[in-house]
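Scroll down for the structure; my scribbles are underneath it.
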Protein chains: 2
Amino acid sequence: MDAERTWSIAELADEFGVTLRTIRFYEEQGLLTPARNGTRRIFADGDRVRLGLVLRGKRLGFPLDEIKKIIGMYDAEPGETGQLRYLLDQIEDRRKELEQRRRDIDAALSELDELERRCRADLNRLTGRA
Amino acid sequence: MDAERTWSIAELADEFGVTLRTIRFYEEQGLLTPARNGTRRIFADGDRVRLGLVLRGKRLGFPLDEIKKIIGMYDAEPGETGQLRYLLDQIEDRRKELEQRRRDIDAALSELDELERRCRADLNRLTGRA
DNA sequence: CCACTACTTGACGTTTACGTTAACGTAAGT
DNA sequence: ACTTACGTTAACGTAAACGTCAAGTAGTGG
């Protein structure tokens with residue numbers, strides 16, 4: 001069983017919950033390189049995997065051009081140590097960014113709590129003696 | 001002591017760590033309404049307070065037009081119960097968004113951990129038997 | 001033959017919060 | 001008078017990741 005299944009653009013879009021435009025955009029950016037049947041895009045299994053990697057990268061907060069670099073590296077020489085080290089560096093960068101963003105969010109939540117307390121105090125003052 | 005001090009645009013920009021362009025933009029958007037001496041902007045104490053509120057709103061993740069609404073409400077009838085309730089609603093919305101974003105970030109961090117583990121395993125495999 | 005559906009390329013639009021010139025005015029210091 | 005600092009308006013530019021037309025092609029069912 002060779003499992004040479006292929007997918008249309010709509011099938012992939014549907015499966016991954018993205019629009020056709022998104023997939024075409026990713027191809028335009030060099031993130032995907034589907035085969036063609038005439039003008040139509042034919043997606044093989046490798047293309048599916050790549051799309052999954054792109055979307056996963058997005059979930060992790062990587063920008064598309066960074067995703068492109070990383071995926072490209074894996075395509076070229078999967079598992080070469082220099083590339084693994086590069087990827088580890090990128091992971092470290094991303095982790096720091098994410099942790100900073102989480103700190104920012106926590107600070108904002110604290111400020112929100114404080115603001116809410118004051119609002120409720122005002123409200124009590126107004127309705128309490130109405 | 002009437003403390004009628006005023007500020008130039010540059011002084012305020014400096015104090016709050018924003019650019020002149022930012023302050024002019026806020027005025028353009030109706031977030032600030034400084035007085036004029038001829039064509040030059042003269043900022044009074046109330047303007048300073050407003051700028052502080054705007055930047056605080058930004059730290060909390062509010063978009064500028066939402067900030068404008070909220071500040072406008074406080075200007076109109078500070079402490080009216082309907083407006084306090086509206087503000088409390090907005091706070092609730094923002095809190096939910098922030099908490100969702102924090103969950104997303106935590107999920108991303110977990111995925112990053114997992115990815116890093118695999119990278120390190122690959123790296124060990126490659127360098128271990130070199 | 002016609003309609004319908006899926007697909008294509010191309011190109012401009014969207015969003016937010018400013019950045020970046022260009023071209024000019026005004027006031028103080030020397 | 002000249003320079004320097006500081007200010008002004010107007011208007012176009014930017015980033016990211018697509019959205020949203022428009023106009024055309026290709027294959028399939030009736």
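A, B, ... follow the sequence lines: proteins, then strands. Residue 1 opens every chain. Values reported hereafter were calculated over all heavy atoms of this structure, with side chains retained and with hydrogens, waters and symmetry mates removed. Remember, predicted model here, so these are calculated numbers, not experimental data.
The interatomic distance linking N37(A) (CG) with dT8(C) (C1') rounds to 13 Å, in whole Å. Distance R40(A) CZ to dA6(C) P: 10 Å, rounded to the nearest Å.
Using a 4.5 Å heavy-atom threshold, the side chains of R101(A) and R102(B) count as separate. Residues L88(B) and E116(A) meet the side-chain proximity criterion, which asks for heavy atoms closer than 4.5 Å. Contact annotation: the side chain of L115(A) approaches that of R56(B) to within less than 4.5 Å [non-hydrogen atoms, C-beta and beyond]. In this structure, the side chains of E114(B) and E111(B) stay at 4.5 Å or more apart for every pair of heavy atoms. Considering only heavy atoms from C-beta on, F43(B) comes within 4.5 Å of I23(B) through its side chain.
Contact check of residues 8-26 of chain B against DNA chain D (heavy atom, cut-off under 4.0 Å) returns S8(B), I9(B), A10(B), R21(B), R24(B). In the region residues 49-66 of chain A, proximity to DNA chain C at under 4.0 angstrom, judged on heavy atoms, holds for none of the residues.
The phosphate of dT9(C) has OP1 or OP2 within less than 4.0 Å of a side-chain N or O from R36(A).
By the rule that hydrophobic residues join a cluster once side-chain heavy atoms approach within less than 4.5 Å of another member, Y26(A) and I42(A) end up as members of separate clusters.
Between D93(B) and K96(B), no side-chain nitrogen of the basic residue sits less than 4.0 Å from a carboxylate oxygen of the acidic one, so the salt-bridge criterion is not met. Ion pairing of D45(B) with R48(B) is present here, as a side-chain N (NZ or NE/NH1/NH2) and a carboxylate O approach within less than 4.0 Å.
Along DNA chain D, read 5' to 3', the first and last nucleotides having any atom under 4.0 Å from a heavy atom of chain B are dC6(D) to dA11(D).
For the pair R94(A) and F62(A), the distance from NZ or CZ to the six-membered ring centre is under 6.0 Å and the angle to the ring normal is within 45 degrees.
Heavy atoms only, all atoms of each residue included: L12(A) and L51(A) are closest at CD1-CD2, 4.1 Å.
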